[in-house]
Amino acid sequence: MTDTEENNGLIRANRHHSVGLPSMTPQELAQKIELAVRSAILAETLALEIADIPAEIVVERPKNLDHGDWATNIALQLSKKAGTNPRAVAEVLQPLLLKVLGIDAVKIAGPGFLNISLSAASQGELARDIVAKGLAFGRSDTLAGQTINIEFISANPTGPLHLGHTRWAAVGDAMARVLEAAGAKVAREFYINDRGVQMDKFGASVEAAALGNPIPEDGYHGAYILTLAQEILVQDPEIVNLAGETRTVAFREAAYKLQLADQQRVLSTFNTNFDVWYSERTLHESGAVDRGFTKLREQGHVYQEGGATWLRTTDFDDDKDRVMIKADGELTYFASDTAYYVDKRSRGFDLCIYLLGADHHGYVNRLRAVAACAGDDPEKSIQLLIGQLVKMMKGGQEVRLSKRAGNIITLEDLVDEVGVDAARYSLIRYPVDSPLLLDLDLLSSNTNDNPVHYVQYAHARIASVIRNAAELGVIPAQTSNWDSAKFNPSLLTDVREGQLLGLLADYPRVVATAAELREPHRISRYLEEVATGYHRFYDACRVLPHGDDEITELNVARLWLCAAARQVIFNGLDLLGVSAPERM
RNA sequence: GCCCGCAUAGCUCAGGGGAUAGAGCGUCUGCCUCCGGAGCAGAAGGCCGUAGGUUCGAUUCCUACUGCGGGCACCA
C-alpha cells in the first residue's frame, strides 16, 4: 500500500497474517458482495427489495493495477432502483465488505466502482486449492445435464483435408473439450458425405489414373489421385480385369476406404479424435431418412408440388421452401440433412452444434427451419457456427500450392511447416468469425512473437524451477508429496505475486465463459496473460535459495505459487489439445 | 438485387455496456557473476470506418451509409 492510496481515503482493515483463512475466489467474493447488499437492504440502509439484486454479480479483474485485486460495478447497477447515486450506494457497501474476513481494503473509485484488495493470506490460499485440485481445477458444472452433439469438418472422402477443415479440426476439438470442462456430455461427430455424384467422379478419376487414361475434365486432379490408384493396384491387381460399371464401382469403393482411412490417420496425428463417424449411406440404409420424413410429415410441413416433395421451411424464416425429393425421384442433399438432424435428436442430444465454413452460411436459416419443422425450438436444439476462411503466408507471399493436392493447401502441409502444437494453437487463437491469415515464418520461429512458444516456454520454465528445487532438496519433485502444512500463503505479498494469483483465480470463469459462448480462443488469450504474469513474477521474485542460503518459508510459498501456475497453464493447454512440455 | 460476416496502433489481431482502449511484431532505450534472456522493464505510435439512435455511461447494443470478404440451385 502506498501513501498516495492513504491520502485518497483508502480504508484498510487489519492485516490477516494467520494461515488458514478461507481462500477467496471471485465466485466467493461475489457471494460476499451479495450478502453485503442483502444485509444493507434488511438494515434499510439501501431502499431496495431483495428481488432487485442482480442474478449475477460481476466481479472482474481491473485492467489497471492500481485498482486493487477485484472490482465490482454493483453500486452502479443498483443506484437507479435505489433512487440515489452510485457513489452513495458504494459508501453503504464499503464498510460491510471491509468486515469480511480476507478482504484487506475496499476503495470507491470513478463513478462508483468498488475496488477490493484481498489479504495476501486469503488470496494465496488459492495456490493450495489449485495444487490440490490438479486437473480438476477450472472444471465446472455450468453445462451439467446437457448432452451436446458437435459436428465438424464433415469432409467428402474424396481428397485430403484442406486448411478450412483444419481450422475446424482444431477449433471443434477444443470446443468439445471446453464444453466437457463445463460439465456437458459431448459427442464429436464427423459426417461422411459418401453418397452422390462427387463420389462417382472421384471413383472415375482414380480408375482413369490407374488405367493410365486421362482424368475426366470434371474429375479430381490432385497428385493424391495417382497415389490412391497405385495403392489400389498393389492391393488388388485383378481389379483392372473387372468390366464396365463394376470396375468403376470397385475403384470408387477402394479409393473411398483408403481416403477415409487417410483422413482418420491425419486427424489422429492432429490430436483430433471423433466419437462418431457417421456415413451418409448408413443414414439411408438404416431407414433414418424415412423416419425423418415421417417426423416432418407428422408436423405438417411437407407438401407436393410440380412432381417434387418439399419442406415448407418458409414457415420458419427461410427465404424459400426446399426440395427433398426431386421430380425425378432422387433425394436431394437437403433431404439427408433433415433426416440427419432428426436422427441426431433421436439419439438423445439436447443440442446439435454445427461448425460450418463461410461458404455454407446460406444453410443457417434452412437448418434452423428444419429443427423448427421437426417440432423443436431452434434456440435450444440447434446452433450453427460459421467460420471464415484461412490463408497462409510465407516469405510475404500467400501460399497457394500444395505438393499433395495441387491448388489446395492441406492439413498436413500446415503441420509440416509448423508442427501440430503451433498449428492447433494458432488456429484456435482467433475468433472464428474473422478471416485468418497465418504467417508461417512467425509460427515456426522460436521468438516471443510466436504465442504458442511463449505459453509453452512459461510452462517449461516453471517445470525447470521445480526440478531444480527438488534437486536442492527444497521440496519433493511431485506436488502430490508436498506438505501442505509448510505452505504459508501470507508470505506472498509482492505485487507480482498478487497479480499472478488474481489471474489464476480467474481461470474457472474463463473456461465457463468460453464454453457458454462457444469461444475457445478465450482460453489461449487467457493463457498468454498467465504466461506474462508468471514471467513478471519470476523476474521480480527469486524462487529458489541462492547458493548455500538457508531454505526459507518464502522459498516454499513461492514454489506453491509456481506449481499452481504450472497447473493452470497445463490445464488450459490441455483444453486446446496442445502439449505442455517439461523441457523445450 | 437479397442474405451473412468483418472494419480498433505502421503490420497481424484481442477487447460480453463501465475507469486512462490493449498484446505481439516493427522503431527507439535499458536489464543476465544468481532459478531457462524462447524472458523482463520503459518510450513512441489511436477522431475504435462515417452519421444517427438507445443508455447515467457505447469500441461494445440498434439503424443507415461506405469499404472489404463470402453466399444465393429440383448441385454436392
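Everything numeric in this text was worked out from a predicted model, so none of it was measured. Letters A, B, ... mirror the listed sequences (proteins, then strands); counts begin at 1.
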request  = Considering just the side-chain nitrogens and oxygens of A:K80, establish if one lies under 4.0 Å of OP1 or OP2 belonging to B:rU55.
outcome  = no
request  = Could you check which of B:rG36, B:rC75, B:rG70 has an atom nearest any side-chain atom of A:K326?
outcome  = B:rC75
message = To check you understand the geometry: which heavy-atom pair defines the closest contact between A:A327 and A:A308, and what is its length?
response = N-CB, 4.0 Å
5′-ward residue of the pair A:F537/A:G362 relative to RNA chain B = A:F537
inquiry  = Between A:T332 (side chain only) and A:A335 (backbone N and O only), is there a donor and an acceptor less than 3.5 Å apart?
reply    = yes
ask   = Aromatic rings A:Y191 and A:Y333: how do their planes relate, parallel, tilted or perpendicular, breaks at 30° and 60°?
value = perpendicular
Can you list, pair by pair, the side-chain donor-acceptor contacts under 3.5 Å of residues 382-393 of chain A, counting residues two or more places apart and other chains?
unit_1: A:Q383; atom_1: OE1; unit_2: A:R518; atom_2: NE; d: 2.7
unit_1: A:Q383; atom_1: OE1; unit_2: A:R518; atom_2: NH2; d: 3.3

request  = Whole angstrom is fine here: how far is it from CG in A:L78 over to C1' in B:rG57?
outcome  = 16 Å
request  = Return yes if a side-chain donor-acceptor contact under 3.5 Å exists between A:Q198 and A:T158, otherwise no.
outcome  = no
message = Just N and O in the side chain of A:K320: are any of them under 4.0 Å from OP1 or OP2 of B:rC2?
response = no
query = Starting at CE of A:M393 and ending at P of B:rC11, how long is that distance when rounded to a whole Å?
reply = 13 Å
ask   = Is the base of B:rC65 syn or anti, if syn means a glycosidic angle within 90° of 0?
value = anti
inquiry  = So is the aromatic ring of A:Y538 stacked onto the base of B:rC35, judging by whether the centres are under 5.5 Å apart and the planes are under 30° apart?
reply    = yes
query = In terms of side-chain heavy atoms, does A:Y303 have a donor or acceptor partner in A:D321 at a distance below 3.5 Å?
reply = yes
Identify each atom pair where a protein N or O and an N or O of nucleotides 31-34 of chain B are less than 3.5 Å apart, giving names and distance.
unit_1: B:rC34; atom_1: O2'; unit_2: A:R542; atom_2: NH1; d: 2.8
unit_1: B:rC34; atom_1: O2'; unit_2: A:R542; atom_2: NH2; d: 3.4
unit_1: B:rC34; atom_1: O2; unit_2: A:H546; atom_2: NE2; d: 2.4

ask   = What heavy-atom pair brings A:E519 and A:R522 nearest, and what distance separates the two atoms?
value = OE1-NE, 2.6 Å
task = Can you sort out the partners of A:D549 under side chain to side chain contact (heavy atoms under 4.5 Å, CB included), two or more places apart, ordered by chain and number?
result = A:P545, A:H546
ask   = Is the distance from OP1 or OP2 of B:rA76 to the nearest side-chain N or O of A:Y363 less than 4.0 Å?
value = no
So which protein nitrogen or oxygen atoms get under 3.5 Å of nucleotides 5-8 of chain B's nitrogens or oxygens?
unit_1: B:rG5; atom_1: O2'; unit_2: A:D433; atom_2: O; d: 2.8

note = Between the NE2 atom in A:H521 and the CG atom in A:L576, the distance rounded to the nearest 0.5 Å is 11.5 Å
Secondary structure of RNA chain B in dot-bracket form (Watson-Crick or G-U wobble, distances below 3.5 Å, | marking inter-strand pairs) = (((((((..((((....[...)))).(((((.......))))).....(((((..]....))))))))))))....
query = B:rC48 and B:rC56: how far apart are their C1' atoms, nearest whole angstrom?
reply = 22 Å
Separation of B:rG70 P from A:L356 CG (nearest whole Å) = 18 Å
request  = Check whether the ring centres of A:H301 and A:F316 lie less than 6.0 Å apart, and answer yes or no.
outcome  = yes
task = Please name the pair of heavy atoms, one in A:A339 and one in A:A288, separated by the smallest distance, quoted to 0.1 Å.
result = CB-O, 3.8 Å
remark   = Taken to the nearest whole Å, CG/A:L527 to P/B:rA38 is 21 Å
request  = Considering only atom P, compute the distance from B:rA64 to B:rC2 and round it to an integer number of Å.
outcome  = 11 Å
inquiry  = Check this for me: does any side-chain nitrogen of one of A:R509 and A:D506 sit under 4.0 Å from a carboxylate oxygen of the other?
reply    = yes
request  = Ignoring backbone atoms, test whether A:N365 places a side-chain nitrogen or oxygen under 4.0 Å from the OP1 or OP2 oxygen of B:rC4.
outcome  = no
remark   = On a heavy-atom basis, the closest approach of A:R61 and A:D69 is NH1-O, 2.9 Å
request  = Indicate the atoms forming the closest heavy-atom contact of A:Q77 with A:P54, along with that distance.
outcome  = OE1-CG, 3.8 Å
ask   = Quick one: A:R429 CZ to B:rC25 P, roughly how many Å, whole number?
value = 11 Å
message = Please tell me whether A:Y457 and A:Y454 form a close aromatic pair, meaning their ring centres lie under 6.0 Å apart.
response = no
task = Could you check how far OH of A:Y454 sits from P of B:rA23, rounded to whole Å?
result = 11 Å
task = Check whether any side-chain N or O of A:R536 sits under 4.0 Å from OP1 or OP2 of B:rG42, and answer yes or no.
result = no
ask   = Expressed in angstrom and rounded to an integer, what is the separation of A:Y457 atom OH from B:rA38 atom C1'?
value = 6 Å
Sequence-aligned protein contact record of nucleotides 15-22 of chain B, with B where the base is within under 4.0 Å of a protein heavy atom and S where only the sugar-phosphate is = SB-BBB--
ask   = Which nucleotide in the set B:rC74, B:rA14, B:rG36 lies at the smallest distance from any side-chain heavy atom of A:Y430?
value = B:rA14
inquiry  = If I pick the C1' atom on B:rC68 and the same atom on B:rU29, what distance separates them, to the nearest angstrom?
reply    = 39 Å
query = Quantified in whole Å, what is the P atom distance between nucleotide B:rG71 and nucleotide B:rU54?
reply = 38 Å
inquiry  = Using a 4.0 Å heavy-atom cut-off, does A:M199 contact any base of the nucleic acid, only the sugar-phosphate backbone, or nothing at all?
reply    = nothing
